[in-house]
**Student:** 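Have a look at the structure that comes next, please.
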Amino acid sequence: MALFVYNTLTHQKEEFKPLKDKVVNMYVCGVTPYDEVHLGHARCYVAFDVIRRYLEYSDYTVNYVQNFTDIDDKIIKRAQEVQIDPLALAQKNIEEYFKDINALNIKKAKAYPKVTENIAEIIKIIDNLVNKGYAYAVDGDVYYRVAKFQKYGALSKRDVSQLKSGARVEIDERKEDPLDFALWKKEKPGEPSWPSPWGSGRPGWHIECSAMSLHELKTATLDIHGGGQDLIFPHHENEIAQSEGSTGKLFAKYWLHNGFVTINKEKMSKSLGNFFTLKQIYQKHSPAAVRLFLISQHYRSPIDYSEDKITEAAKGLDKFQNVLENMREMVNQINLDAIGKKFTAAPEICQQMEDKFTAAMDDDFNTAEALAVLFEMTNAINIEMEQKELDLVKLSYMSRTLVRLGQVLGLFAPGSALRTAEDKLKGKNISVPEVERLLARREEYRRQKKWAESDQVRDELLAKGIILEDTAHGTRWKVKE
RNA sequence: GGUGCGGUACCCAAGUGGCUAAGGGAGCAGUCUGCAAAACUGUUAUUCGGCGGUUCAAAUCCGCCCCGCACCUCCA
C-alpha cells in the first residue's frame, strides 16, 4: 500500500512521492506569538505531528521546520497596549508556546526560525523579486506585483478578476493594483525596524515563510507545506507568488491544510472571542486527553469542541491506560528473548492490526480509523487476558504492537506516556500521599473483612472523584473526569 | 454574489459502488467481584438530510431541493 494525501493544490488525493526518495522536507506555518496558544493552534500542530510521525514510521527522514512570526502588526499593537517591547512580548509568548505545546507530546522541529533572525534572507528575496520585476518599491514600502504572477489564485481556486470586484480589498493609491501586498513596510516611529535598500522598515506578513523555508531547508521546492485552512488565502497564495517568482521553481509539491476547531459549529477564533487557551483547558483536562480528542477526527474536517467531548476522550484514554496497566502487571517481567523458543513469531493478530492501521493512515492520515484499530487491539488483549491459561508471550507481543502503533499517533509515548498520578489529581482537592494513606487504611479493613468500614473509605474517595479498582495485585485508583 | 466542505444511531465519528454500515461514549441486561470498579458477553441504524434517476447492486454515482459551516478581511 502506498500513502495517499489530499493536496490542496490539486484538490484531490494523490500518491505521496517526495522529491528525494525517503527524505521529506516539511514546513508548517507557526504562530504569531502575540497571545497565548489556543486549541485551534493545538489542533494544527498535533495534526502535523501525527503526519510527521507517520512519515517517520514509514521510513522517511523528515526535516520538519516551523517558524515564529515574531514581528508583525498584531505583536506591535498588543505590545503597545500592554506597554512592553514588541520583541520581548514575542519572546515571552514563544516560551509559553513551548510549555503548552510540549505537553501535547509534539516532537521537536528541526528548526524554529524567527523573522527577526532572518531579516537578511528576507531582504535578499525581496531584492530578487524587485530585480525580476515581481515587486516594486514605493515611498519606502515594497509591494508584490500580483498581476505579474500568472498562477496567482491557483491554490485557493480564486479568480483574480473576482477578487478585484470583491471590493473588500483595501484601496491604497500608491499600489498599482489593490491585490498587491506588502513585502516590506516602511518604518513607523516607535516600531522595530531594520535597514534595507528601500530604507528602514520591517518585513510584510507573508515574506518570512518564503525566506525561512528556503533558508532552513536549502531547497526551492518543499515536499510538504502545511498550515491551517485559514491560511490558504491569502497567506499561502502569497507565499507561492513570492517563492516561485523568486526561484522560478515549484514552491511546494503537497499543500496540506487542517480544518478548524469550532464551538457550537462556529469557528474558534481570536476575532470572535470564542476561543479556549490550552492553559484553560489543562486546568480541567490532561493534555493527553486533549490530544486524543484532536485525533479522534480526520484532520481536514472541522472538529467541534465541548467539555464533554474532552471528557469522552479522557475515557478512551482510560481504556488504554487500564489495558496497559493490567498488562504491565502480568507481563512486566517477561523476557521475550528467553521464551522466544516456544513462541518465535508474533501472533497473526499483530500483523493484521498493523496492516489495518497502516491502511487507515495511508489514506490521507485517517486517524479516526487508525484509532479504531487501537481500540480493537485493546479489546483483543482484554479478551486474551480473560483466558484461563494466559499466553503471556502472545499478550506481550500484542501489547507491544498496541504501544508501538499508539506512539505513531503520539499516544502513550515514553516520558509523557499516560497520565501520571499528579496529572490525574489536577484540579482535585486531594494529594497523592493522602490518597495512598486512605488506600492503606482501607486495605487493612479489607484484610479484616470489615466491609462497611472499607466501603466507607471508598465512598469518601469517590466523593473526591477518585475511583478504586481492586485487582489481584492490589488496589489501583484513578480519577473520574 | 463567488468558491469550498459537510448532513451516518441517544451523542461523537469512520466508511464514497457489492462481504453482517468500523470504533468510542452513553443506556439497558448478564458474567466476574465481599460489594464495587475494570474487563468480558448480549443489546440500542432493515438504514445513511429529502425526493427522483442510473445500475443486477448505492450511504457511496447523477439531478433537483432543504439545512449547517467555512473562505473571499487579521486568524492554526
Side-chain angles (χ1 to χ4, degrees), chain A residues 8 11 28-32 34-35 37-48 66 72-74 77 153 156-159 161-163 165-170 205 226-235 237 257-262 264-272 275 292-293 296-298 300-304 306 308-309 311-319 321-323 325-326 356 360 363 366-376 378-379 381-387 446 449-452 454-455 458-459 462 466-472 475-478 480:
Chain A
T8 308
H11 311 281
V28 176
C29 285
V31 297
T32 299
Y34 74 103
D35 204 346
V37 184
H38 63 67
L39 191 58
H41 299 121
R43 183 183 199 192
C44 176
Y45 302 118
V46 165
F48 286 101
Q66 187 181 313
D72 163 271
D73 294 354
K74 275 185 298 217
K77 183 163 175 266
S156 53
K157 249 194 162 177
R158 297 210 199 288
D159 188 334
S161 59
Q162 291 245 333
L163 282 173
S165 61
R168 287 175 120 166
V169 184
E170 217 177 296
W205 174 33
Q229 274 170 5
D230 46 356
L231 296 181
I232 296 173
F233 188 90
H235 187 55
E237 198 71 70
H257 292 98
N258 65 280
F260 300 121
V261 175
T262 60
N264 296 324
K265 309 285 182 196
E266 279 193 331
K267 180 183 168 187
M268 175 188 286
S269 75
K270 297 281 175 81
S271 33
L272 289 172
F275 62 92
L292 187 65
F293 163 71
S296 66
Q297 206 159 137
H298 188 90
R300 279 190 289 117
S301 310
I303 186 167
D304 203 53
S306 72
D308 287 352
K309 295 198 184 129
T311 301
E312 268 188 31
K315 284 176 183 167
L317 207 60
D318 280 342
K319 208 176 171 91
Q321 180 139 359
N322 282 331
V323 77
E325 280 182 9
N326 286 333
K356 281 175 87 169
D363 184 14
N366 191 337
T367 52
E369 205 175 323
L371 207 51
V373 176
L374 299 190
F375 279 115
E376 276 180 44
T378 299
N379 186 245
I381 293 172
N382 279 325
I383 290 171
E384 194 64 33
M385 280 195 286
E386 295 271 308
Q387 302 304 311
R446 292 187 69 216
K449 296 203 192 303
K450 291 184 176 171
W451 306 125
S454 146
D455 288 353
R458 186 170 64 198
D459 290 345
L462 185 62
I466 290 159
I467 299 165
L468 301 189
E469 291 176 16
D470 297 326
T471 73
T475 300
R476 208 160 61 204
W477 60 273
K478 65 179 188 181
K480 195 163 74 181

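Numbered from 1 within each chain, the chains take letters A, B, ... in sequence-line order. Values below: every heavy atom of this structure, side chains too, minus hydrogens, waters and symmetry copies.
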**Student:** Taking the minimum atom-to-atom distance to the side chain of A:Ala368, which one of B:C12, B:A13, B:G15 wins?
**Tutor:** B:A13
**Student:** Over all strands shown, is A:Thr262 touching base, sugar-phosphate only, or nothing at heavy-atom distances under 4.0 angstrom?
**Tutor:** nothing
**Student:** Taking the C1' atom of each, how far is B:C61 from B:G2, in whole Å?
**Tutor:** 26 Å
**Student:** For B:G68 and B:C74, measure between their C1' atoms and round to the nearest Å.
**Tutor:** 25 Å
**Student:** Just checking A:Tyr45: base, sugar-phosphate only, or nothing, at a heavy-atom cut-off of under 4.0 Å?
**Tutor:** sugar-phosphate
**Student:** Students often get this wrong, so: under 4.0 angstrom with heavy atoms, is A:His11 touching a base, only sugar-phosphate, or nothing?
**Tutor:** nothing
**Student:** Looking at A:Lys309 and A:Asp304, would you say the former's side chain and the latter's main chain have a donor-acceptor pair under 3.5 Å?
**Tutor:** yes
**Student:** Of all the choices, B:A37, B:U73, B:G68, which nucleotide is nearest to the side chain of A:Pro234 once you look at every atom?
**Tutor:** B:U73
**Student:** Expressed as a whole number of angstroms, how long is the span from A:Lys315:NZ to B:G23:P?
**Tutor:** 19 Å
**Student:** The side chain of A:Asp470 is closest to which nucleotide in this list: B:C71, B:G34, B:A22?
**Tutor:** B:G34
**Student:** Quote, to the nearest angstrom, the C1' distance that separates B:C48 from B:A22.
**Tutor:** 14 Å
**Student:** Quote, to the nearest angstrom, the P distance that separates B:C11 from B:U20.
**Tutor:** 26 Å
**Student:** Roughly how many Å apart are B:C28 and B:C64, using the C1' atom of each and rounding to a whole number?
**Tutor:** 43 Å
**Student:** Report which part of the nucleic acid A:Lys157 touches: base, sugar-phosphate, or nothing (heavy-atom distance under 4.0 Å, all strands).
**Tutor:** sugar-phosphate
**Student:** When all nucleic acid strands are considered with a 4.0 Å heavy-atom cut-off, which category describes A:Gly226: base, sugar-phosphate, or nothing?
**Tutor:** nothing
**Student:** Find the distance between CG (A:Leu317) and CG (A:Leu292) and round it off to the nearest 0.5 Å.
**Tutor:** 6.0 Å
**Student:** Counting side-chain heavy atoms from C-beta on, which of B:A14, B:A76, B:A39 comes nearest to A:His41?
**Tutor:** B:A76
**Student:** What nucleotide, of B:A38, B:C74, B:C71, holds the atom closest to the side chain of A:Asn326?
**Tutor:** B:A38
**Student:** Are A:Arg458 and A:Asp455 close enough for a salt bridge, meaning some N to O gap below 4.0 Å?
**Tutor:** yes
**Student:** Pick the P atom in B:A59 and in B:G50, then give their distance to the nearest Å.
**Tutor:** 11 Å
**Student:** Mind checking the C1' distance from B:G25 to B:A13? Whole angstroms is fine.
**Tutor:** 11 Å
**Student:** Across the strands shown, which category fits A:Asn322 at heavy-atom distances under 4.0 angstrom: base, sugar-phosphate, nothing?
**Tutor:** sugar-phosphate
**Student:** How many whole angstroms separate atom CD of A:Glu469 from atom P of B:A37?
**Tutor:** 10 Å
**Student:** Is A:Met268 touching bases, backbone alone, or none of the nucleic acid, heavy atoms closer than 4.0 Å?
**Tutor:** base
**Student:** Nearest-Å distance, CD (A:Gln321) to C1' (B:G24)?
**Tutor:** 17 Å
**Student:** With the side chain of A:Lys267 defined as its heavy atoms from C-beta on, choose the nearest nucleotide among B:G34, B:G15, B:C71.
**Tutor:** B:C71
**Student:** Check every atom of B:G2, B:G34, B:G24 against the side chain of A:Arg158 and return the nucleotide holding the closest atom.
**Tutor:** B:G2
**Student:** Using the P atom as the reference point in each nucleotide, state the distance between B:C10 and B:C5 in Å, no decimals.
**Tutor:** 29 Å
**Student:** Inspect the contact between A:Arg158 and A:Glu237 and indicate whether a charged nitrogen and a carboxylate oxygen are less than 4.0 angstrom apart.
**Tutor:** no
**Student:** When you measure from the side-chain N and O atoms of A:Gln229 to the phosphate of B:A70, is any distance below 4.0 Å, counting only OP1 and OP2?
**Tutor:** no
**Student:** Ignoring the backbone of A:Asn379, work out which of B:G25, B:G23, B:U41 is nearest its side chain.
**Tutor:** B:U41
**Student:** A:Lys74 versus A:Asp35: any side-chain heavy-atom pair under 4.5 Å?
**Tutor:** no
**Student:** Please work out if A:Asn382 contacts a base, only the sugar-phosphate, or nothing of the nucleic acid, heavy-atom cut-off 4.0 Å.
**Tutor:** sugar-phosphate
**Student:** Where is the tightest heavy-atom contact between A:Gly228 and A:His257, given as atom of each residue plus distance?
**Tutor:** O-CD2, 3.4 Å
**Student:** From the list B:C35, B:U41, B:A14, which nucleotide is the closest neighbour of the side chain of A:Asn366?
**Tutor:** B:A14
**Student:** What nucleotide, of B:G23, B:G68, B:C35, holds the atom closest to the side chain of A:Lys265?
**Tutor:** B:G68
**Student:** Kindly compute the distance separating CE (A:Met268) from OG1 (A:Thr262), expressed to the nearest 0.5 Å.
**Tutor:** 8.0 Å
